[in-house]
Peer 1: 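Quick one: this structure, given as structure tokens, is what I'll be asking you about.
Basis for what follows: all heavy atoms, side chains included, without hydrogens, waters or symmetry-related copies. The sequence lines fix the lettering, A, B, ..., with proteins before strands; numbering per chain opens at 1.
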Amino acid sequence: MTITVDPAPSGDLVRTVVVVTGESDLLDVRSALRTAAEQVRLRLTATTKLVTAGSELARNILRYATGGQGTVTIEVSTTGAGRGVRAVFADQGPGIADLEEVMRDGFSSGGSLGIGLPGSRRLVDEFTIDSAPGRGTTVVISQWDR
Amino acid sequence: MRMGPDLLVTLQGDLDDRAVEQIEQEITDQVARTSARAVLVDVSGLAVLDSFVARVLARLVSMVRLLGADATLVGISPAVAITLVELGVSLRHVNTALNAEQGMVRLRRLRDGEASRWTSHDDHG
């Protein structure tokens, strides 16, 4: 449960890395996302959606990644087009063979409701997933103030 | 005949999955031990209500029902409601109320309805 805060020299980009190795790190991921959302003054509903999506994605790492390990990298952007939070959920797990299948509502390989990935996608403004067997999985989400 | 008490359970803060399941167990035990008739679970102080927490709460409501009590979730904020719907969590089989006060009103109404059914039964019997 290591959190590294690395303020960039320009001061407009702060990166937080949460190393996910156990269930208690779920709380660190949620709290880091909430802090980032507050930093860029996201609205309450946008913040709630972002933190909830992050909670689902971090739990995916715990459930499916090899040894339940991965990293969550959170960045806030306060310049350019607007204010927002971007979070990258990366693991070196077994990867996903059929991305279309797991992005469908109701699909689950882990005995849960199967709403984690498609549900998270609906909660955020931007969602990309990259995965292949043996290569791990990376999910990137962004939430913007609008 | 002694009627059991009403339980009001307030969930607070950010709970990890294990803590959520521990609370589920404790509430169920408490309902059985006290012969509670009604349980109000206030979730307004919860930092996150994601699919896992929602699933455990729905399971808790089912278990409480099997123990002969009615459980009602109260304190779901508009932001959390929007999030749950978009996430795809319906909580369709779970009684909810806006806040603890409304929840009590609802439980009393349920109970009164039940009482009058029993009364009319007695009249016929």
Peer 1: Can you tell me if A/D25 uses its side chain to pair, donor with acceptor, with the backbone of A/D28 under 3.5 Å?
Peer 2: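 Here the side-chain-to-backbone pair does not exist.
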Peer 1: Below 4.5 Å from any heavy atom of chain B, which atoms of A/R34 appear? Answer side chain, backbone, both or neither.
Peer 2: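 A/R34 touches chain B through side-chain heavy atoms alone.
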Peer 1: Same cluster or not: are B/L91 and B/L46 linked, directly or through other Ile, Leu, Val, Met, Phe, Trp or Tyr residues, by side-chain heavy atoms under 4.5 angstrom apart?
Peer 2: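 In one cluster with B/L91: B/L46, yes.
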Peer 1: Under a 3.5 Å distance rule, please check whether A/R121 uses its side chain to pair with a backbone N or O of A/F127 as donor and acceptor.
Peer 2: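 No.
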Peer 1: With a 4.5 angstrom heavy-atom cut-off, could you sort out which part of A/R59 is near chain B: side chain, backbone, both or neither?
Peer 2: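 Side chain of A/R59 only, per the 4.5 Å heavy-atom cut-off to chain B.
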Peer 1: Top residue by heavy-atom pair count (under 4.5 Å) with chain A, among B/I82, B/V48, B/D17?
Peer 2: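 Answer, by heavy-atom pair count under 4.5 Å with chain A: B/D17.
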Peer 1: With a 4.5 angstrom heavy-atom cut-off, could you sort out which part of B/L84 is near chain A: side chain, backbone, both or neither?
Peer 2: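 Answer is neither: B/L84 stays 4.5 Å or more from chain A.
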Peer 1: Taking C-beta and beyond as the side chain, do B/L49 and B/L57 meet within less than 4.5 Å on heavy atoms?
Peer 2: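 In contact.
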Peer 1: Which bit of A/L123 is near chain B, if near means a heavy-atom gap under 4.5 Å: side chain, backbone, both or neither?
Peer 2: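 Its backbone and side chain both get close to chain B.
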Peer 1: Could you check whether atom CD of B/E101 has more than 12 heavy atoms from other residues, nucleotides or ligands sitting under 6.0 Å from it?
Peer 2: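 It does not: B/E101 CD has 12 such atoms or fewer within range.
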Peer 1: So for B/A19, is it side chain, backbone, both, or neither that comes closer than 4.5 Å to the heavy atoms of chain A?
Peer 2: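 For B/A19, no heavy atom lies under 4.5 Å from chain A.
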